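These notes are about the structure you will find just below.
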Amino acid sequence: MRPIVVRPDAWPRAEGQAVKRPGRAGKNPAKAARSQVEPKPVDELSPAEAKKEHEFLAGEIERHDKLYYQEDQPEISDADYDALRLRSEALEQRFPGLISEKSPSLRVGAPPAAKFAKVRHAVRMLSLGNVFSEEETREFVARVRRFLKLGAGAPLDFTAELKIDGLSVSLRYERGKLAVAATRGDGSEGEDVTANVRTIADIPQELSGRHVPDVFEVRGEVYMAHADFAALNRRQAQSGAKTFANPRNAAAGSLRQLDPAITAARPLRFFSWGWGEASALPAQTNHGVLDAIAGWGFPVPPVTLCKSEDEMAAAYRAIELNRASLAFDIDGVVYKVDRLDLQERLGFVSRTPRWATAHKFSPEKATAILRGIEIQVGRTGAMTPVAKLEPVTVGGVVVQNATLHNEDEIARKDIRIGDTVIVQRAGDVIPQILGVILEKRAANSAPFAFPTVCPVCGSHAVREMNEKTGKLDAVRRCTGGLICAAQAVERLRHFVSRRAFDIEGLGEKHIQAFFDEGRIRAPADIFTLQARDGGSLPKLAEKEGWGPQSASNLFAAIETRRAIALERFIFALGIRHVGETTAKLLAKTFGSLQEFRRVMAEAGAFDRLNEIDGIGDEVAQSIVDFFEEPHNREVLAALERELTVEPYKLDVVPSQLAGATVVFTGKLERLTRDEAKSQAERLGAKVAGSVSKNTLYVVAGPGAGSKLKKAEELGVKILSEDDWFDLVSAA
DNA sequence: ACCCCTCGAGTTCT
DNA sequence: CTCGAGGGGT
């Protein structure tokens, strides 16, 4: 056999691409450097030589993968193995003709990147609403019928499908070939896991069969079967690696490997349940398209077509009964309106489709001893009780904490320290306490006394009176405000959080530590951190756990955030009642920070805010209060000295109706109001309740009154419902 | 006066 | 993910 040519240092490696393959024998790079022969530079190879070497390398890589992953008997060190891969890739880069389906870089992946690239979904990946009973299923069907204006007698088919418990991915096929695979992420943007997905046998590299659309995104679930999961955990345990809590975590952990070779060695499978962008659809029904997807070579779980609520309930019960005999985990049943034209009419409510819902199985429950109740103080002073539990496994995960929401919740359920409580994971994620097993309560237990002072700063904690309803708020808040360290730290954490300033390397731990030592006390301090470094406090680079490199990385990360979009900036301020959406609304309304501040300094600030659609009395008052507080003004001024806040940029929606405001009035015959609204919003228009000079169209049906009159007065264009239909279908 | 939806603010664990 | 509350429509 030809000797392996290795010398890692001789070949270029991009920064951050260090290949991590934990557990491989012989980690010491010095050892690898001993046996070496200088390889011929790639540029000096003839195509024939390159081809030969490339083939040889591919074989070697495959052999070592097998030794390492399947037989756990590696022959070469990590560094040597990496060198093989890098050499192979260098060859491919110089001679792209060498790249084939079989080439190692595609089959088991390009060099691991420092992290996954982001992929924007052409069609958003949504989450589903939930129902937990037959009754709620009937309500769901009734809602759909109401929305579509279908009487109880009109036919309406639903499909019932297994809800596989794995992780969702979107597989984009262009001209029939797998082009990109992405995780769901936040629904709009996921991570590029193409290289990993190529290693999953259930997923074809190419769609087979006729009538393959030019572009088609197959969506479905990557999962791990029970038997494969058990075997994997056995192997993990034998090799001393950590085992996985459940098949879902194992699947997620396996897919999200930076090194696709690891994914390749994991027994991942795939089921398709839907699709995203499609240049053409092979059918007009959900079950028809799923059949076509199966025909292209994908596993598709069985679909039951249901003509009534009774049939849906029967399908659910049948699946529930069979659950234990399945080779994989499911966590419920998904119902979808079968006809695609109806799906389109139904549209979406925020992030969930109106035409589908998940009927979840009741989650696994467990009992645990409540050791104590901790009070956490949020950035608004909200005091949230958290149950500290004796660790217990629920749904394959060890749970130690569970939120108790607020003091009324504790009183309602009469939860006492020392009690045995019933725990479940809501939606199989967030632990919650259902109630107490009273028989197990100790005789000397006492109701929990919710503190009336802040556990951190000692200030009074009060429940405010809601002036409108005359009721007490559910939350008790610390009144310490500026003097409360907990609130200050939480505000800073909010400021640097992902949706606000998103400063890399400045996580919650660092914020707490920097606050404690006085390095950062107010937001603007973040941006003077470097200038003050080595002043009254020791240099950051000399601080424990830090070094020159990590310190300079942090300073660099901070620098990149000196320019920030207005909406992010407003959100970061942490004004009560102003979250991401309202921050964006304010940014859109005022355009620039200067203008926003100018208006807020005027006497009519409250009214200017209040007249914005979506901002009522409470939110307007909260914003006004924020700007009246001298400390906040100082914080703002200090930030403005350090930062460039960029004016708001309009999002571009390519549609005639983009940015327009329309008003519907009178009776609509063909549409429900919701339907009309979602149509308008899909085209980038806003639906308002009242007519003003900013209104572009008023769509008037029979019985229209004052709004129609006002439209005539203002000269706003008036459309019939039919006109509106024409406009929508033209767009 | 009530209902529905959306938003905000809090939460867990990997 | 859940709860509570705000906003807006019926």
Side-chain angles (χ1 to χ4, degrees), chain A residues 127-130 139 143 146-147 167 242-246 248-256 348-352 354 360 363 374-389 391 393-409 412 423-434 463-464 466-469 471-477 487 490-491 493-494 497 499 571 574-585 609-622 663-665 667 672-674 677-678 681 687-690 707:
Chain A
S127 48
L128 291 175
N130 295 316
E139 281 166 22
R143 260 201 314 278
R146 214 180 310 134
F147 192 94
L167 65 156
K242 82 168 176 57
T243 56
F244 294 98
N246 54 52
R248 196 234 308 243
N249 285 355
S254 301
L255 189 69
R256 297 192 76 263
F348 305 92
V349 190
S350 71
R351 276 168 285 274
T352 61
R354 278 201 196 82
K360 294 275 197 73
E374 190 181 277
I375 304 292
Q376 296 186 359
V377 183
R379 77 181 152 87
T380 63
M383 286 167 44
T384 309
V386 176
K388 309 303 279 186
L389 302 166
T393 304
V394 193
V397 165
V398 177
V399 169
Q400 304 190 64
N401 304 308
T403 176
L404 291 166
H405 299 296
N406 56 59
E407 71 183 281
D408 286 350
E409 174 92 1
R412 207 178 308 131
V423 185
Q424 76 173 21
R425 295 205 303 146
D428 269 342
V429 181
I430 313 269
Q432 60 182 200
I433 291 182
L434 295 176
R463 293 175 68 170
E464 287 158 29
N466 182 314
E467 305 216 339
K468 281 201 189 109
T469 62
K471 285 191 205 150
L472 285 180
D473 284 351
V475 285
R476 186 177 286 277
R477 287 179 204 278
Q487 289 189 45
E490 292 303 317
R491 278 195 299 270
R493 273 155 69 149
H494 172 78
S497 67
R499 295 185 149 89
F571 175 65
I575 304 169
R576 175 119 90 104
H577 299 301
V578 178
E580 229 177 343
T581 307
T582 308
K584 192 164 179 187
L585 187 60
L609 290 165
N610 201 222
E611 71 194 15
I612 300 170
D613 186 18
I615 295 184
D617 293 354
E618 200 71 23
V619 179
Q621 192 57 52
S622 167
V663 175
F664 293 91
T665 181
K667 217 187 178 103
T672 61
R673 288 194 102 78
D674 279 351
K677 190 174 176 197
S678 60
E681 281 165 1
V687 176
S690 58
K707 287 183 199 169

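Within every chain, numbering begins at 1; the chains are lettered A, B, ... in the order of the sequence lines, protein sequences first and strands thereafter. Because the structure is a prediction, the values reported are computed rather than measured.
At B:dG10, one or more side-chain N or O atoms of A:T380 fall inside 4.0 Å of OP1 or OP2 (strictly under the cut-off). In this structure, A:T403 does not reach the C:dT2 phosphate: none of its side-chain N or O atoms is under 4.0 Å from OP1 or OP2. In terms of phosphate contacts, A:R576 brings no side-chain nitrogen or oxygen within less than 4.0 Å of OP1 or OP2 of B:dG8. For the OP1/OP2 pair of C:dG4 and a distance below 4.0 Å, the side-chain nitrogens and oxygens of A:N406 include at least one atom meeting the criterion. Contact annotation: A:N401 side-chain N/O to B:dC13 OP1/OP2 distance is under 4.0 Å.
As a whole-Å value, the separation of A:I575 CD1 from C:dG6 C1' is 16 Å. Between the C1' atom of C:dG4 and the CG atom of A:D408 lies a distance of 11 Å, rounded to the nearest Å. One interatomic measurement links the two molecules: CG of A:N610 to C1' of C:dG7, which rounds to 10 Å at whole-angstrom precision. Atom P of nucleotide C:dC1 and atom CD of A:Q424 are separated by 13 Å, given to the nearest angstrom. Look at CD1 on A:I433: it is 15 Å from P on C:dT2, rounded to the nearest Å. In this entry the distance linking CZ of A:R476 with P of C:dG4 reads 16 Å, nearest Å. Rounded to a whole Å, the CZ atom of A:R354 is 8 Å from the P atom of B:dT6. Atom P of nucleotide B:dC5 and atom CD of A:E139 are separated by 12 Å, given to the nearest angstrom.
In this structure, the nucleotide among B:dC13, C:dG4, B:dT14 sitting nearest to the side chain of A:A474 is C:dG4. Checked against C:dG6, B:dT11, B:dC7, the side chain of A:Q376 finds its nearest nucleotide in B:dT11. In this structure, the nucleotide among C:dT2, C:dG6, B:dT11 sitting nearest to the side chain of A:H405 is C:dT2. Closest to the A:V619 side chain, of the nucleotides B:dT11, B:dC7, C:dG7, is C:dG7. Set against C:dG4, C:dT2, B:dG8, the side chain of A:R412 has C:dG4 as its closest nucleotide. Residue A:A382 places its side chain closer to B:dG10 than to any other of C:dG6, B:dC7, B:dG10. With B:dC13, B:dA9, C:dG6 as the candidates, the nucleotide lying closest to the side chain of A:V399 is B:dC13.
A:T380 pairs with exactly one of A:E490, A:R477, A:R576 by the side chain to side chain donor-acceptor pair (under 3.5 Å) rule, that one being A:R477.
Using modelled atom types, no side-chain atom of A:N401 and backbone atom of A:K388 make a donor-acceptor pair closer than 3.5 Å. Put simply, the side chain of A:T403 never gets that close to the backbone of A:V386: no donor and acceptor are under 3.5 Å apart.
The shortest non-hydrogen separation linking A:H494 to A:F571 is NE2-O, 2.8 Å. Across every non-hydrogen atom of A:I433 and A:A402, the tightest pair is CG1-CB, 4.1 Å.
At the heavy-atom level, A:E409 lies nowhere under 4.0 Å from the strands shown. The residue A:V386 sits close only to the backbone: its heavy atoms come under 4.0 Å of sugar-phosphate atoms, none of a base.
A salt bridge is defined here as a Lys NZ or Arg NE, NH1 or NH2 lying under 4.0 Å from an Asp or Glu carboxylate O, and A:D408 with A:R463 meets this definition.
Comparing A:A245 and A:G381 along DNA chain B, the residue whose closest nucleotide (by nearest heavy atom) sits nearer the 5' end is A:G381. In terms of position on DNA chain B, the residue among A:R143 and A:K242 whose nearest nucleotide sits closer to the 5' end is A:R143.
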